[in-house]
Amino acid sequence: MNITVSVVCYKYRPQKDGRHPLMLRVSKDGKRSYQSLGISVNLEDWDFKKNEPKLSCPDREYIQKIIIDGKSSERCPLVPV
């Protein structure tokens, strides 16, 4: 049983303001589940290779705190639906 948790910028469904939501991706035994972190970023502020906000992102520290809290809290489902 292998469980991985990562953060992705979900660019497939932009919001009305053009920003894209950040999602927790939980994978267990090849099954994936996504859960919203409740924040969104512009695509030009997200580093897709590192899956983290760029240094030039205006809310970088706040976003990183939300990501760390999301990965470590009980909001992170251990078993995908």
Should [X] and [Y] be counted in the same cluster of Ile, Leu, Val, Met, Phe, Trp and Tyr side chains packed under 4.5 Å apart?
X: Phe48; Y: Met23; result: no
X: Val5; Y: Trp46; result: yes
X: Leu37; Y: Tyr62; result: yes
X: Val7; Y: Ile66; result: yes

List the atom of [X], the atom of [Y], and the distance in Å for their closest heavy-atom pair.
X: Pro21; Y: Arg13; value: CD-O, 3.7 Å
X: Gly38; Y: Ser36; value: N-OG, 3.0 Å
X: Pro58; Y: Asp45; value: CD-OD2, 3.7 Å

What distance separates [X] [atom1] from [Y] [atom2], expressed to the nearest 0.5 Å?
X: Glu61; Y: Ile63; atom1: CD; atom2: CD1; value: 10.5 Å
X: His20; Y: Leu43; atom1: NE2; atom2: CG; value: 3.5 Å
X: Leu55; Y: Arg60; atom1: CG; atom2: CZ; value: 4.5 Å
X: Ser33; Y: Arg25; atom1: OG; atom2: CZ; value: 11.5 Å
X: Ile39; Y: Ile67; atom1: CD1; atom2: CD1; value: 6.0 Å
X: Asn42; Y: Lys54; atom1: CG; atom2: NZ; value: 11.0 Å

Apply side-chain contact (heavy atoms from CB on, under 4.5 Å) to the pair Val8 and Leu22, showing each step before the final yes or no. CA-CA 6 Å; Val8 294; Leu22 294 180; over 6 Å; no
Any side-chain heavy-atom pair from Cys9 and Val41 closer than 4.5 angstrom?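 Yes - at least one pair of side-chain heavy atoms lies under 4.5 Å apart.
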